[in-house]
Amino acid sequence: SCPGDRDPDTGLCLPLPPTPTDGACPPNWQRHQLAELASGCTPRFTDRACPADQRIAPGGCVPLTPTCDTLPTAAELSRRYDAPVTWLTPDADLQAAVDAAPVGAVLAVPPGDYPGPLETAQDLTLVAPCHGARLLAPGEDDIAITVAAGHLRLDGLRIEAGGRGLHVEATGELTARNLRVVGGRHSGLLNYGPTTLENVGLSGAGQVGVFALGPLTAIDVTVLDALY
């Protein structure tokens, strides 16, 4: 069911009227009082589901990342990201690769399942150019990715979390594009540091889909199956 009216043409839930707030939230987001001294901005959500590699959008489902017949070369990706790109091996230990990477490195992740959790503490880019790269952190208190410091850029990963999908400390910064976050009994995202989400789908969070306690820019973001 929808919290408000449903669009008769698309079947999507229409935004609720704005609610009184004690602070500014991004457009189409609303402030929720979660506890006596805690509140945050949470997105209005729709109850319509999409396949695992897609995100809901007005009029239907939108692919997050393309499928590839062959993986692009490091040289092709370097032109795309305007920086040298290093392909990881399909059996790579992501945490070890991140720890060994120089500041500002761009690491390409091939399709496959990679155990988490993962923590970053420097400027770094992780890209999954083809659909099928999954970071798995199924423990009930696991945080799939923690940005402890530095600027982490994510592009194309699917994240499956037990406790929380993404956690951005005040000393960190996150830019995430073309991402799908599934699960997280606490939240899909909790951010204290600056965070930008673009073409991101979050689903299945047990409590809060997105809990914004720091600066947040959200472009084409969908939250499904969260309490709020």
Side-chain angles (χ1 to χ4, degrees), residues 49-57 60-138 142-147 150-162 165-166 168 172-184 188-189 195-204 219-222 224:
C50 282
D53 60 341
Q54 298 183 20
R55 176 187 64 78
I56 190 69
C61 297
V62 175
L64 290 170
T65 55
T67 56
C68 304
D69 294 328
T70 58
L71 295 177
T73 66
E76 290 171 334
L77 292 177
S78 295
R79 290 192 291 272
R80 183 185 305 177
Y81 291 100
D82 195 27
V85 174
T86 301
W87 270 108
L88 301 181
T89 60
D91 59 350
D93 181 323
L94 284 188
Q95 186 65 67
V98 164
D99 292 343
V103 174
V106 182
L107 304 179
V109 184
D113 292 345
Y114 300 86
L118 178 68
E119 182 172 318
T120 64
Q122 63 179 21
D123 290 354
L124 182 75
T125 300
L126 283 176
V127 303
C130 302
H131 173 64
R134 301 193 306 168
L135 177 67
L136 308 177
D142 281 352
I143 300 173
I145 297 180
T146 299
V147 185
H151 187 177
L152 174 64
R153 295 173 174 86
L154 296 174
D155 190 349
L157 284 170
R158 175 182 167 94
I159 297 167
E160 298 185 15
L166 300 164
V168 186
E173 181 175 355
L174 173 67
T175 299
R177 294 185 171 90
N178 309 315
L179 211 68
R180 182 75 185 266
V181 181
V182 179
L189 164 73
T195 298
T196 299
L197 305 177
E198 183 175 355
N199 192 30
V200 172
L202 303 101
S203 62
I219 304 169
D220 294 333
V221 175
T222 302
L224 299 170

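We count residues from 1, following the sequence as given. Quick caveat, the model's predicted, so the values are computed rather than measured.
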Given side chains that start at C-beta, do those of Pro117 and Ile143 come closer than 4.5 Å, heavy atoms only? no
What distance separates Ile159 CD1 from Tyr114 OH, expressed to the nearest 0.5 Å? 14.0 Å
Report yes or no: does Trp87 contribute a side-chain atom to a donor-acceptor pair with the main-chain N or O of Pro72 at less than 3.5 Å? yes
Side-chain heavy-atom pair Val127, Val109 within 4.5 angstrom cut-off: no
Once rounded to the nearest 0.5 Å, what's the spacing between atom OG1 of Thr125 and atom CG of Leu152? 7.5 Å
Examine distances only and state if a side-chain atom of Gln122 and a backbone atom of His151 form a donor-acceptor pair shorter than 3.5 Å. no
When you compare the side chain of Val182 with that of Arg158, does any pair of heavy atoms fall below 4.5 Å? yes
Could you grab the distance from atom CD of Gln95 to atom CD1 of Ile145, nearest 0.5 Å is fine? 10.0 Å
Under the side chain to side chain contact (heavy atoms under 4.5 Å, CB included) rule, what do Leu71 and Cys130 come out as? Steps first, then yes or no, please. CA-CA 7 Å; Leu71 295 177; Cys130 302; 3.7 Å; yes
SB check Asp113 Arg134 (cutoff 4.0 Å): yes
Test item: Asn178 side-chain N/O and Asp155 main-chain N/O as donor-acceptor pair under 3.5 Å: no
Give the minimum heavy-atom separation between Ser78 and Val85, together with the two atoms involved. OG-N, 3.1 Å
For the OG1 atom of Thr222 and the CG atom of Leu202, what is their distance to the nearest 0.5 Å? 8.5 Å
Would you kindly say whether Asp220 and Asn199 are connected by a side-chain donor-acceptor distance under 3.5 Å? no
4.5 Å side-chain heavy-atom contact, Pro129 and Leu77: yes
Heavy-atom closest pair, residues Leu135 and Ala144: CD2-O, 3.7 Å
Could you tell me whether the side chain of Thr175 reaches within less than 4.5 Å of the side chain of Thr195, counting heavy atoms only? no
Answer yes if the side chains of Thr196 and Arg177 hold a donor-acceptor pair under 3.5 Å, and no otherwise. no
Should Leu124 and Val98 be marked as a side chain to side chain contact (heavy atoms under 4.5 Å, CB included) after you check the CA-CA gap, both sets of side-chain angles, and the distance that decides it? CA-CA 8 Å; Leu124 182 75; Val98 164; 3.6 Å; yes
For Asp91, is the CG atom crowded, meaning more than 12 foreign heavy atoms sit under 6.0 Å from it? yes
How long is the straight-line distance from CG of Leu94 back to CD of Glu119, given to the nearest 0.5 Å? 14.0 Å
Let's go through Leu118 and Leu126 carefully: what are the C-alpha distance in whole Å and the side-chain angles of both, what is the deciding distance for side chain to side chain contact (heavy atoms under 4.5 Å, CB included) to 0.1 Å, and is it a yes or a no? CA-CA 12 Å; Leu118 178 68; Leu126 283 176; 3.7 Å; yes
Report the distance from atom CG of Leu166 to atom CG of Leu179, rounding to the nearest 0.5 Å. 6.5 Å
So, for Val200 and Ala176, which heavy atoms are closest and what is the spacing to 0.1 Å? CG2-O, 3.6 Å
